[in-house]
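Each remark here refers to the structure printed beneath this line.
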Amino acid sequence: MREMLTGGELDVLTGDYLAELTMLILGRDRLKDPSAGYARTFLKQLEESLGLAHERGVKVVTNAGGLNPAGLAAAVRDLAQRLGIPVRVAHVEGDDLTAAHPGSLTAHAYLGGFGIAAALREGADIVVTGRVTDAALVTGPATAHFGWAPTDHDRLAGAVVAGHVLECGAQATGGNYAFFRDGDVRRPGFPLAELHEDGGCVITKHPGTGGFVDVGTVTAQLLYETGGARYAGPDVTARLDTVRLTRDGPDRVRIEGVRGEPPPPTLKVGRTRLGGHRNEVVFVLTGLDIEAKAALVREQMETGAFARSRPEEVRWDLVRTDRADAGTEETASALLRLVVRDPEPDVVGRALSGAAVELALAGYPGFHVLAPPGKGSPYGVFEASHVPQGDVEHVAVLDDGRRIAVPPAAETLVLDDVPEPPLPEPLPPGATRRAPLGLVAGARSGDKGGDANVGVWVRSDEAWRWLVHALTVGRFRQLIPESAELKVTRHVLPRLRALNFVVEGILGAGVAAQHRFDPQAKALGEWLRSRHLDIPEALL
């Protein structure tokens, strides 16, 4: 926060603190303390930077309110009074639908940016929200500044795209970037958007900060946690297949041409609940006979720990990190991971940990585990549903207590898939070489509930002519065997030279359930880039 305020010119500082997992964490916090439920780290940052923001006339907009935006707004007022800084603090509410969803720990509708805009138009210096879309932190200030109407769909869509690029911070300035060796990313700065009245923008960063901004870094972030050409939100549906990216100078990328459509008639609701209890043990298998050692410990655990009460879910994964004739013990070892889940804590607690420890002197040769097994811990489940926009009371609450109701979108459009666009001519036949996909293509992957997306893009028209024909759904399933039995949908985005694959169910019940080794699919794209296929030598 301090770096953004001191590094250069700024009108509005936004902060995105919420993820699906965060809502579960905040929900558990609220069980212990009803006054909790917001991101306390925001207050710590604000204490250092509130004076700077006030001196420079910078508005602050954040969703750090989480489950308790009114509580965070009150805490910010207390902080400002203690520091002697006169600020007007507003908050946005109406997203909390937990009472209407029995059995949920949290249930919150994703609101848009018009509540934020209403608060800013009434003079708020700081606006705190609960669960709004990440992009709403940008559409709200843009709407307030330019005076956009709810029917200015193209302008709003441009702001949504800008907000999506900014929402994950340094991911737009070289963080987590496939071609990270293109620049110095040891300490990337944060991105900013220069927004224009027509909805276009330039993505850049403060002078002298680390990292870099180019068409590739912006493309990667546009593909992050998205699906098809229609990127739906409560304010507008942005058409990602209309986005045009051009270099506008060093560390500057211009985004223009974004078209928008009316939003869908429903709002997404993110629900979390406690799914049960889980525990895990990682056995280290060293040297020879790895498969036989794994079979032995599995049989011993099955006849020991699970003899009386078998957990509802038992999963074994053998990770062959070992190599022959290894020069270190670590590289001579494989990992056997046991994960169990059950509604009852006792089933995955002492019965499991006791049986694992008791094998210490009666198991395979070289027996040891990465860490002593514990008593187990609760895990969460994320689920999504939808409610009509009119069922949610979206309200901006001003510093003086006045309440401004935000009406639902008057014009809506039911979402439908965009037909696949015409494909370019394939490259002419020529010599190929077996090589990793990542020598030609970048990728970025992420999670949405139990689904994952993998966006893949290339940097030349010739590479695009090859990729769009080579990387089919069938080829994707071959390269990512975990997806072989799952529904995989491919979306084609020619203007970005990109393909976006959505893999349904690969993450089970979502990140909090820790269904797989990489529970948020953050490295799924890098795994895909490491897979080998026949690539035209002209592209290598």
Side-chain angles (χ1 to χ4, degrees), residues 177-179 181-182 214-224 226-231 239-247 253 255-259 416-446 452-504 506 521 524-540:
Y177 183 50
F179 303 111
R181 291 186 291 182
D182 286 357
D214 66 14
V215 170
T217 65
V218 175
T219 299
Q221 181 55 28
L222 281 175
L223 296 172
Y224 182 62
T226 59
R230 285 190 164 104
Y231 185 57
R239 290 289 297 263
L240 298 182
D241 56 346
T242 64
V243 176
R244 291 198 305 269
L245 304 179
T246 54
R247 187 174 183 271
V253 172
I255 302 178
E256 55 192 350
V258 185
R259 302 298 301 273
D416 197 5
D417 289 336
V418 174
E420 184 171 289
L423 303 184
E425 287 293 319
L427 289 179
T432 63
R433 189 192 335 152
R434 197 78 176 168
L437 174 63
L439 296 184
V440 175
R444 178 165 288 165
S445 55
N453 90 290
V454 185
V456 185
W457 80 96
V458 289
R459 301 190 282 186
S460 71
D461 291 338
E462 291 75 17
W464 172 241
R465 290 172 60 190
W466 169 76
L467 180 75
V468 75
H469 293 283
L471 195 54
T472 61
V473 168
R475 180 62 57 82
F476 182 93
R477 285 195 170 112
Q478 291 173 2
L479 299 175
I480 305 295
E482 283 183 70
S483 69
E485 303 301 322
L486 302 174
K487 182 179 178 181
V488 179
T489 304
R490 186 180 91 151
H491 301 281
V492 181
L493 301 169
R495 290 194 176 185
L496 298 177
R497 300 194 195 100
L499 303 172
N500 206 359
F501 294 88
V502 177
V503 186
E504 297 185 21
I506 193 171
L524 190 59
E526 286 301 292
W527 178 26
L528 178 66
R529 293 182 69 235
S530 74
R531 298 307 308 271
H532 289 219
L533 66 169
D534 295 326
I535 300 176
E537 286 193 350
L539 301 179
L540 296 172

- side-chain hydrogen bond (donor to acceptor under 3.5 Å, both in side chains) partners for Asn500, two or more places apart: Thr226, Asn453
- Taking only residues two or more places apart in sequence, or in another chain, which ones meet Arg239 in a side-chain hydrogen bond (donor to acceptor under 3.5 Å, both in side chains)? Asp241, Glu261
- Heavy-atom pair of closest approach, residues Ala443 and Trp457: N-CZ3, 3.1 Å
- Could you give me the CA-CA distance, side-chain angles and deciding distance for Thr246 and Val215, then say whether side-chain contact (heavy atoms from CB on, under 4.5 Å) is met? CA-CA 7 Å; Thr246 54; Val215 170; 6.0 Å; no
- Task: Give a yes or no on this: more than 12 heavy atoms of other residues, nucleotides or ligands lie within 6.0 Å of atom CZ of Arg477.
- Result: yes
- What salt bridge (charged side-chain N to carboxylate O under 4.0 Å, His left out) pairs are there with at least one residue in residues 432-444, not counting sequence neighbours? Arg434-Asp534
- Message: Looking at Arg490 and Leu471, would you say the former's side chain and the latter's main chain have a donor-acceptor pair under 3.5 Å?
- Response: yes
- Item | Contacts of Phe476 that satisfy ring-ring contact (aromatic ring centres under 6.0 Å, His included) - sequence neighbours left out | Phe501
- Exam field: side chain Arg495 to backbone Leu245, donor-acceptor pair closer than 3.5 Å: no
- Query: Backbone N or O of Leu479 within a donor-acceptor pair of the Arg531 side chain at under 3.5 Å?
  - Reply: yes
- Note on the structure: salt bridge (charged side-chain N to carboxylate O under 4.0 Å, His left out) pairs touching residues 464-473, sequence neighbours excluded, are none
- Which atom names give the shortest non-hydrogen contact between Gly438 and Phe179, and what distance separates them? O-CE2, 3.9 Å
- Task: Could you walk me through whether Leu539 and Leu439 pass side-chain contact (heavy atoms from CB on, under 4.5 Å), step by step?
- Result: CA-CA 9 Å; Leu539 301 179; Leu439 296 184; over 6 Å; no
- Item | For Val502 against Gly227, the heavy-atom pair lying closest together | CG2-CA, 3.9 Å
- Item | Closest heavy-atom pair and its distance - Leu223, Val456 | CD1-N, 4.1 Å
- Message: Run the side-chain hydrogen bond (donor to acceptor under 3.5 Å, both in side chains) test against Ser483 and tell me which residues pass, sequence neighbours left out.
- Response: none
- Query: Salt-bridged, Arg459 to Asp182, with N to O below 4.0 Å?
  - Reply: yes
- Task: Look up atom OG1 in Thr219 and atom CZ in Arg497, then write down how far apart they are to the nearest 0.5 Å.
- Result: 8.5 Å
- Query: Any salt bridge between Arg247 and Asp214, counting N to O under 4.0 Å?
  - Reply: no
- Task: Step by step, work out the side-chain contact (heavy atoms from CB on, under 4.5 Å) result for Leu524 and Leu528.
- Result: CA-CA 6 Å; Leu524 190 59; Leu528 178 66; over 6 Å; no
- Message: Using every non-hydrogen atom in the two residues, find where His469 and Pro424 come nearest and quote the distance to one decimal.
- Response: NE2-O, 2.7 Å
- Message: Evaluate Val492 against Leu499 for side-chain contact (heavy atoms from CB on, under 4.5 Å), listing each step before the verdict.
- Response: CA-CA 5 Å; Val492 181; Leu499 303 172; 3.9 Å; yes
- Where is the tightest heavy-atom contact between Gly525 and Ser445, given as atom of each residue plus distance? N-OG, 2.9 Å
- Note on the structure: Rounded to the nearest 0.5 angstrom, the CD-CG distance for Gln478 and Leu533 is 10.0 Å
- Which distance, rounded to the nearest 0.5 Å, do you find between the CZ of Arg259 and the CG of Leu240? 14.0 Å
